[in-house]
Asker: 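Below is one structure. I have some questions about it.
Residue numbers start at 1 and run along the sequence shown.
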Amino acid sequence: MNLCFRVQSILAVSTRCSCDWPKLRPVFPQCQVFLQGNSHAKLTPRAVARIMHRTGSPAYPSATWSKSHFWGRYTQMDLKKVMEAAKAELMNVVAKDAVH
């Protein structure tokens, strides 16, 4: 995956976090597992959050992604909060990719 694309996509999301991190604690490992299993896809924090929130899009259609174990996993949680967790995990992945 193009590292520059991923960094730009991540930085496009607000860098200021206004979410409640303790409530997001269970989301982080789920995002990490999801990203590891879908490293072939060009995922942004918004895309990860939409998939985990059961919200399809033209780039990530529900017909495809609804088969994923993560589809709709966090529908009860605010989409922006899930996006913040996904952003943090994507930043970890990018940082690890940059080291290797």
Side-chain angles (χ1 to χ4, degrees):
M1 187 171 295
N2 184 334
L3 181 61
C4 291
F5 171 80
R6 291 185 76 167
V7 170
Q8 289 172 349
S9 299
I10 291 166
L11 293 177
V13 176
S14 171
T15 57
R16 187 168 186 204
C17 179
S18 60
C19 62
D20 188 2
W21 287 104
K23 289 183 180 177
L24 288 177
R25 188 162 291 151
V27 181
F28 289 110
Q30 295 294 318
C31 286
Q32 184 179 29
V33 171
F34 178 76
L35 292 170
Q36 288 171 349
N38 294 286
S39 59
H40 63 280
K42 292 184 178 180
L43 294 165
T44 63
R46 179 178 298 279
V48 172
R50 288 175 65 104
I51 290 166
M52 291 188 162
H53 216 262
R54 197 183 299 147
T55 307
S57 69
Y60 303 96
S62 62
T64 301
W65 289 95
S66 64
K67 297 171 187 151
S68 169
H69 170 71
F70 298 96
W71 179 257
R73 188 87 184 229
Y74 293 104
T75 55
Q76 320 85 333
M77 195 173 285
D78 182 59
L79 181 68
K80 289 182 182 181
K81 291 181 180 183
V82 178
M83 191 168 23
E84 288 292 342
K87 180 178 99 173
E89 283 306 316
L90 273 168
M91 290 175 75
N92 286 336
V93 169
V94 169
K96 287 177 186 175
D97 286 349
V99 171
H100 293 101

Asker: Not counting sequence neighbours, which residues clear side chain to side chain donor-acceptor pair (under 3.5 Å) with Gln30? List them please.
Answerer: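 Result, side chain to side chain donor-acceptor pair (under 3.5 Å) vs Gln30: Arg73.
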Asker: How far apart are the closest heavy atoms of Cys31 and Ala85, and which atoms are they?
Answerer: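 Looking at all heavy atoms of both residues, the shortest contact is SG-C, 4.2 Å.
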Asker: List the atom of Arg50, the atom of Ser57, and the distance in Å for their closest heavy-atom pair.
Answerer: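 Closest pair (atom of Arg50, atom of Ser57, distance): NH2-CB, 3.4 Å.
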Asker: Evaluate the side-chain proximity of Asn92 to Glu89: yes if any heavy-atom separation is below 4.5 Å, no if none is.
Answerer: yes
Asker: Got a list of side-chain donor-acceptor pairs under 3.5 Å for residues 58-67, not counting sequence neighbours?
Answerer:
| unit_1 | atom_1 | unit_2 | atom_2 | d |
| --- | --- | --- | --- | --- |
| Tyr60 | OH | Lys42 | O | 2.2 |
| Ser66 | OG | Ser62 | O | 2.7 |

Asker: Does the pair Lys87/Glu84 count as a salt bridge with the N-to-O cut at 4.0 Å?
Answerer: yes
Asker: Where is the tightest heavy-atom contact between Leu43 and Leu90, given as atom of each residue plus distance?
Answerer: O-CD1, 3.7 Å
Asker: Any chance you could measure Met52, atom CE, to Leu79, atom CG, to the nearest 0.5 Å?
Answerer: 12.0 Å
Asker: Taking Trp71's backbone N and O only, do any of them form a donor-acceptor pair with Arg54's side chain (distance below 3.5 Å, no angle check)?
Answerer: no
Asker: Restricting to ring pair (Phe, Tyr, Trp, His ring centres under 6.0 Å), what partner residues turn up for Phe70, sequence neighbours left out?
Answerer: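 Applying ring pair (Phe, Tyr, Trp, His ring centres under 6.0 Å) to Phe70 gives Phe34.
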Asker: Provide the closest heavy-atom pair for Pro45 versus Ala86 in the form atom of the first, atom of the second, distance.
Answerer: O-CB, 3.8 Å
Asker: Within this structure, what is the OG1-CZ distance for the pair Thr55 and Arg46, rounded to the nearest 0.5 Å?
Answerer: 10.5 Å
Asker: Provide the closest heavy-atom pair for Met77 versus His53 in the form atom of the first, atom of the second, distance.
Answerer: O-NE2, 2.6 Å
